[in-house]
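See structure below.
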Amino acid sequence: MFDADDFIEDMIVQMRDQIPGRAIIACSGGVDSVVAMVLVSRAIGDRLLAVYVDTGLMRKGETDEVRGMLAELGVNHRVIDASDMFFAALAGVIDPEVKRKRIGEAFIRTFESTAREFEADHLIQGTIAPDWIESGDEFRETIKSHHNVGGLPEDMELTLVEPLRDLYKDEVRAVARHLGVPVSERQPFPGPALAIRVIGEVVPEKVSIVRDACAIVEAELELAAERGVMVRPWQYFAVLLNTQSVGVQGDRRAYGYTVAVRAVDSVDAMTATYSHVPYDILDRISLRITSEMNDQVNRVVYDITSKPPATIEWE
Ligand code: XMP
């Protein structure tokens, strides 16, 4: 049986031993990285710098929210705008594995230059068990390279420390509750962010479409859960497909994008079942996406596949 208090106590001691000097932590604002950040900050105080990278691939309002949270938690932190660099790294890339590797590399190069300035030699990451299990190793086949594992370049200058490596999501949430951090119930969001929710080449215009669609899906499902119409799914988002299809707008032909809505229930992300979202909620989502984004999107579909055989994200 997992004991969050014991884990916290042991990990603070371990982190103090493992990090004699300065360290930086890649903090995305998600539960994994925030928990790792708070643990290490309790262990080494101001010898830790938390770095939030604005990749240009984050959700609506996310950068400002994370900035506010970091300030509130009182952790030494820096917000870096690297969106041009990420879009340049992704230009022309279609293959999901190449996307993940390019993103991993862009993150590490950003961390390396910040670490040099801060004179840090350790990099902390909030990697959890499913991340490395699915990224594969000599015993396991790669399902997908989680950007914080399989996407790391081989010539990295920093020593990697991963305090949550052996934990599953439900255990991380238990630790988050014991630490009293404000993100314990946040839905998971992948490190490569909206880049893996745009099928095909990632360009600012498509990221902006999927960002708006994700915001609608999140708002409608959260509202439905608040009203007690359904239980909030474990994870819920939109994916922009690289297919265009024919539609009608007024009396004119339209040729627009398709958005897939995904909502799943899971415990540890290793398996998941698609959520049975009531039809009237799906109606609202479809209506809002196709009316508020009618210049770009003319078709909305609901993904009714579980994991396996699918994965939660599409890439
Ligand atoms: P999949 O798509 O493999 O996702 O079923 C399992 C869970 O992990 C999230 N995910 C990631 N998280 N880095 C992360 O930190 C990644 O590269 C990554 N890829 C997927 C996904 O959102 C789901 O919660």
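Sequential numbering from 1 along the given sequence is applied to the chain's residues. Counting convention: from 1, in listed order, for ligands and their atoms alike.
Remark: the Arg299 side chain and the Ser245 side chain contain an N/O donor-acceptor pair separated by less than 3.5 Å. Between the side chains of Thr243 and Thr258, no donor-acceptor pair of N or O atoms lies under 3.5 Å.
Residue contacts with ligand 1 for Pro190 involve both N, CA, C or O and side-chain atoms from C-beta outward (heavy atoms, distance under 4.0 Å).
Counted within 6.0 Å of CZ on Arg288, heavy atoms from surrounding residues, nucleotides or ligands total more than 12; the atom is thus considered enclosed.
Taking 4.0 Å as the cut-off between side-chain N and carboxylate O, Arg100 and Glu105 do not count as a salt-bridged pair. Salt bridge status for Asp64 with Arg67: present, with a side-chain N to carboxylate O gap under 4.0 Å. Between Arg22 and Glu119, no side-chain nitrogen of the basic residue sits less than 4.0 Å from a carboxylate oxygen of the acidic one, so the salt-bridge criterion is not met.
Near Arg100, meaning under 4.0 Å from one of its heavy atoms, ligand 1 places the atoms 16 (C), 17 (O), 18 (C), 19 (N), 20 (C). Against a heavy-atom cut-off of under 4.0 Å, Lys307 is close to the following atoms of ligand 1: 1 (P), 3 (O), 5 (O), 6 (C). Near Pro192, meaning under 4.0 Å from any of its heavy atoms, are these atoms of ligand 1: 13 (N), 16 (C), 17 (O). The atoms of ligand 1 that sit less than 4.0 Å from any heavy atom of Pro188 are 24 (O). Contact atoms of ligand 1 toward Thr311: 1 (P), 2 (O), 5 (O) (distance under 4.0 Å to a heavy atom of the residue). Here is the list of ligand 1 atoms found below 4.0 Å of a heavy atom in Ala269: 6 (C), 7 (C).
Considering backbone and side-chain atoms alike, Glu315 places every N or O at 3.5 Å or more from each N or O of ligand 1. Close N/O approach between Arg197 and ligand 1 is not found [any backbone or side-chain N/O within under 3.5 Å]. Below 3.5 Å of separation, one finds no N or O of Phe189 facing any N or O of ligand 1. The shortest N or O to N or O distance between Trp234 and ligand 1 is not under 3.5 Å.
Ligand 1 has no atom lying under 4.0 Å from any heavy atom of Pro130.
A distance-only check finds a donor-acceptor pair linking the side chain of Arg102 to the backbone of Ala89 [under 3.5 Å].
The salt bridge (Lys or Arg N to Asp or Glu O under 4.0 Å) analysis of residues 182-199, with sequence neighbours excluded, yields the pairs Glu62-Arg186, Arg177-Glu185, Arg197-Glu313.
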